[in-house]
Amino acid sequence: MSWQSVKLEEVFDIARGGSPRPIADFITDEPDGLNWISIKDASNSDKYITKTKLKIRKEGLNKSRFVKEGDFLLTNSMSFGRPYIMKTTGCIHDGWLVLSGDKERINQDYFYHLFGSSLLHQLFSRLAAGAVVKNLNIDLVKGVEIPLPPLAEQQKIAAILDAADSLRQQDQQLIDHYTTLSQSLFLEMFGDPVTNLKGWKIKPLGDIFRLSSGKGLTAKDMDKNGRYPVYGGNGINGYHSEYIFKEPQLIIGRVGVYCGVIHITEPYSWVTDNAMYVKNKLKEFNMQFMAQLLELSNLNQYAGQAAQPLVSGSRIHPLEMIYPPIELQNKFAERIQAIEAQKQQAQASLEKSNALFNSLLQRAFNGELTGSKAA
């Protein structure tokens, strides 16, 4: 039995949000206000939107779009396609698309996975291709063709994908637990680095080390079969046949959404110009200690606000930080080593569960999970 292929508009009413202006004049604390749903109310790990931080006066409804429980929301700009399911009601601004489905033809969980899949993201990307601002055009979205299994098939597929997704979430929660444990250990040993109630010496970072940008590589310079990992601001971006650093490096993401993100690289690696590395050690310090200190210091708050956030050595070097004795820094690193080993195991498990989930997604929308076939 083959699945039919339908346009999104055949099973969803699709509309774009709107905003009363100036929005500040419509924000209210009154109990009868309408929920005002912003992208800040959603997070990358949440499936549902259950509450909002802000409300607007009822008069704002005429200039906005009301959404109800069970509706899908999709971001329609740069991160377009990320789906959320409404577990409350409210009004949305024009950064959202709302899709209200025919409940007799759609399973909510099946479409949650479909909207979040690479299949739909690639379709949406092609729709937005060439635009100066990558917004989704409603009329084009309406015409996107999707596989529509019978409702019972959708339910079976959703159950399989939910189980695989649950494994991913468990692995991610374990990683988050180890991250929190590392931070707790730091605070136990050194206290809050901002208030410095333990009275450690304070030094400008520029008196401890000097930073320099890595060396740029283009995408074509990277080789997936290369031996050496290539680090940018968001971690490993690819592999290369050469390395520039034999020893592990403490690096700081310097541009965009990853600015201020901290990594310690693997031995034998390349660092691109999207990150800075410690070029000169002026004082002895432990890399694990410094990485945790900088992580807790939220370096992105010191970024320059140009076209996109940017941090540089000139902004980071003057920052004054605690500088405990090196013996205590080393003791912290020894204790954190066991935590990091467990975290790496959880990370390896997450990579496997991600691979399984993505494989199941591809098979699901090809009709290979339940015996029927997509048309």
In this structure, is the centre-to-centre distance between the rings of Phe115 and Phe72 below 6.0 Å? yes

Do His113 and Phe357 have ring centroids that are under 6.0 Å from one another?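 Here the rings of His113 and Phe357 have centres that are less than 6.0 Å from each other.
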
Does atom CD of Gln362 have more than 12 heavy-atom neighbours from other groups under 6.0 Å away?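 12 or below, so no.
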
According to ring-ring contact (aromatic ring centres under 6.0 Å, His included), who are the partners of Phe289, at least two apart in sequence or on a separate chain?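 Testing Phe289 for ring-ring contact (aromatic ring centres under 6.0 Å, His included), a comparison that skips the adjacent residues, returns Phe186, Phe190.
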
Could you verify whether a donor N or O on one side chain and an acceptor N or O on the other, from Asp71 and Ser100, lie under 3.5 Å apart? yes

If we count only N and O atoms by modelled type, under 3.5 Å, do the side chains of Gln345 and Ser349 hold a donor and an acceptor together?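 Short answer, no.
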
Atom pairs and distances, side-chain donor-acceptor, residues 48-55, under 3.5 Å, sequence neighbours left out:
residue	atom	partner	partner atom	Å
Thr52	OG1	Asn35	OD1	3.2
Thr52	OG1	Leu54	O	2.9
Lys55	NZ	Asn35	OD1	3.0

Once rounded to the nearest 0.5 Å, what's the spacing between atom [atom1] of [X] and atom [atom2] of [Y]?
X	Y	atom1	atom2	value
Ser182	Ile339	OG	CD1	4.5 Å
Tyr110	Glu153	OH	CD	10.0 Å
Asp109	Ile157	CG	CD1	12.0 Å
Tyr243	Tyr268	OH	OH	5.5 Å

Decide yes or no for Gln347 and Glu351: does some side-chain heavy atom of the first lie under 4.5 Å from some side-chain heavy atom of the second?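 Yes, their side chains come closer than 4.5 Å.
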
Within a strict 4.5 Å, meaning less than it, do heavy atoms of the Leu185 and Gln292 side chains meet? no

Asp176: partners by side-chain hydrogen bond (donor to acceptor under 3.5 Å, both in side chains), with sequence neighbours left out: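 Applying side-chain hydrogen bond (donor to acceptor under 3.5 Å, both in side chains) to Asp176 gives Gln172.
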
Verify, without hydrogens or angle tests, whether Arg254 (side chain) and Gly232 (backbone) share a donor-acceptor contact under 3.5 angstrom. no

